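Notes follow the structure.
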Amino acid sequence: MREASASAKIILVGEHAVVYGQPAIAVPVSSLRAVADVEANRPSGQGLRIVAADAALTLDSHPDNPLVITAKLVLRALDAPAPDITITVRSQIPVASGLGSGAAVSTALARALSAACNHPLDNETLNAIIYEVEKIHHGTPSGIDNTVIVYEQPVYFIRNQPIERVIIGAPFSLLIANTGIAASTRTAVADVRKLYETQPQRIRAVIEEIGALVVKARQAIETRAFVQLGLLMQQNHRLLQQLTVSSRELDTLVNAAMKVGALGAKLSGGGRGGNMIALVTPETAGAVQQALFQAGAVSVFATTVE
Ligand code: PMV
């Protein structure tokens, strides 16, 4: 049996503006993973079976399923017939919450399938495949999710440009708190586009301001200026509010974290629900975690960026 996996991710700064060509920074959350196991247990000629969340899929039975689409794209890239295997995909990553669960399960599956075909995909090809899958399911994604997940490294991402690695000057800790509200990134992205169309000047200024703070955030991360990073996260949250992608629940969690000493806090990802992140120190982590639960978080997950 062979196993492949992929990590979750979180966007630190720059979501939404990244769709319009501004930079954003995202980091892998390597302790939360999607895993794909391969078993060569199918009779000859039976082809590929994918088991995910207790559903069994074949290439013909569920043509619109993202995992089936992923498998077909992998086989096409390799110019290989479907092997007679079962791939079982499991994920610890909460869905629809900005942690990249869809891209991670597709990446794990693609890695397992290509390895089973004896042609493990290189990251560049894999990234292009996962981006195709993301486009089918998320409308007009920037490509940041698939990139950070496939490369599993902190990235400074600008759409359609070669990825740049962010140097982490010193490890830092984030708490990721879930509002418990599943929100559609696709809808949020479409709403921002409508807003942009109705108020182009104002929204362009907000988007450019986000881009400028991302440049500063990269410097702050590289030079260990975490107080500055926290301030930039705050500023980013306020600008995301102006893009209408925050929510009462997200604002409540952000305020609760700040009140008890987080260095910075903001929504992360598509917004309207899903997750927020708080930048904490070892001294403040406990109090911030408690405050987040009291303010309504359904889960709080600690991760170190390094
Ligand atoms: O909701 P998530 O974490 O998948 O993040 C989406 C990030 C956006 O910038 C809102 C959209 C995109 O495609 O970059």
Side-chain angles (χ1 to χ4, degrees), residues 6-29 32 34 66 91 93-107 127-128 130-152 154-161 163 174 176-196 203 206-211 213-214 217 233 236-237 239-247 249-250 253 266-277 299 301 303 305:
S7 77
K9 72 99 215 325
I10 199 90
I11 297 181
L12 265 188
V13 279
E15 52 275 269
H16 285 287
V18 70
V19 173
Y20 299 88
Q22 298 295 329
I25 297 172
V27 297
V29 180
L32 275 182
S91 176
I93 308 169
V95 297
S97 60
L99 286 164
S101 125
V105 291
S106 286
T107 301
N127 197 24
I130 307 303
Y131 186 45
E132 282 309 305
V133 181
E134 291 273 290
K135 278 199 274 196
I136 294 168
H137 291 276
H138 296 301
T140 53
S142 63
I144 189 169
D145 279 20
N146 46 283
T147 301
V148 64
I149 285 170
V150 167
Y151 288 89
E152 203 171 334
V155 296
Y156 179 86
F157 178 90
I158 302 177
R159 197 169 186 165
N160 298 326
Q161 290 196 16
I163 59 161
L174 295 174
I176 305 170
N178 197 329
T179 57
I181 296 166
S184 157
T185 294
R186 187 183 187 128
T187 307
V189 169
D191 288 352
V192 172
R193 189 166 298 281
K194 275 185 228 149
L195 190 65
Y196 196 166
I203 298 305
V206 172
I207 286 170
E208 285 173 0
E209 218 177 311
I210 293 175
L213 78 79
V214 172
M233 288 168 65
N236 196 172
H237 186 72
L239 292 164
L240 287 163
Q241 286 173 326
Q242 292 187 37
L243 296 182
T244 74
V245 294
S246 192
S247 67
E249 293 81 2
L250 283 164
L253 294 180
K266 62 182 279 292
L267 73 86
S268 177
R272 301 264 170 90
N275 282 301
M276 57 76 71
I277 52 175
S299 67
F301 185 82
T303 186
V305 180

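We count ligands from 1, going down the list as the structure has it; atoms in each ligand are counted the same way. Everything numeric in this text was worked out from a predicted model, so none of it was measured.
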Proximity of Val245 to ligand 1 by residue part, where a heavy atom lies under 4.0 Å = neither
Answer yes if the side chains of Arg272 and Thr185 hold a donor-acceptor pair under 3.5 Å, and no otherwise.
-> no
Going by the atom numbers of ligand 1, which of them fall below 4.0 Å from some non-hydrogen atom of His16?
-> 8 (C), 9 (O), 10 (C)
Please report which non-hydrogen protein atom sits nearest to atom 1 (O) of ligand 1, along with the residue it belongs to and the distance in Å to one decimal place.
-> Thr185 OG1, 2.6 Å
Taking every non-hydrogen atom, the tightest pair across Gly14 and Asn236 = N-OD1, 3.1 Å
Which of the ligand 1 atoms, numbered from 1, are nearer than 4.0 Å to a heavy atom of Pro141 = 13 (O)
If you count the atoms of ligand 1 from 1 in the order shown, which ones are under 4.0 Å from a heavy atom of Ile144?
-> 14 (O)
Shortest non-hydrogen pair, Val29 vs Ser7, comes out as O-CB, 3.7 Å
Side-chain contact, heavy-atom cut-off 4.5 Å: Gln22 with Ile210?
-> no
When Thr140 is tested against each of Lys135, Arg193, Glu134 for side-chain contact (heavy atoms from CB on, under 4.5 Å), which residue passes?
-> Arg193
Where Ala6 and Ala104 come nearest, the two heavy atoms and their spacing | CB-O, 3.5 Å
Heavy-atom side-chain proximity of Arg159 to Val19 below 4.5 angstrom | yes
Return yes or no for this condition: an N or O of Gly98 is under 3.5 Å from an N or O of ligand 1.
-> yes
Might you point out which heavy atoms bring Leu32 and Pro94 nearest each other, and give the distance in Å?
-> CD1-CD, 4.4 Å
For ligand 1, which atoms, with element, lie under 4.0 Å from some heavy atom of Gly269?
-> 1 (O), 2 (P), 3 (O), 5 (O)
Those atoms of ligand 1 less than 4.0 Å from some heavy atom in Lys9 = 2 (P), 3 (O), 4 (O)
Within 4.0 Å of some non-hydrogen atom of Ser142, the atoms of ligand 1 are 12 (C), 13 (O), 14 (O)
Which option out of Ile10, Ile11, Val19 puts a heavy atom nearest to atom 11 (C) of ligand 1?
-> Val19
Which of the numbered atoms in ligand 1 are below 4.0 angstrom from a heavy atom of Glu15?
-> 9 (O)
Can you check whether Val245 reaches Val192 side chain to side chain, under 4.5 Å on heavy atoms?
-> yes
N or O pair under 3.5 Å between Thr140 and ligand 1 = no
In terms of atom number and element, which parts of ligand 1 are under 4.0 angstrom from non-hydrogen atoms of Val18?
-> 9 (O), 14 (O)
Starting from atom 4 (O) of ligand 1, which protein heavy atom do you reach first, and at what distance in Å?
-> Asp145 OD2, 2.7 Å
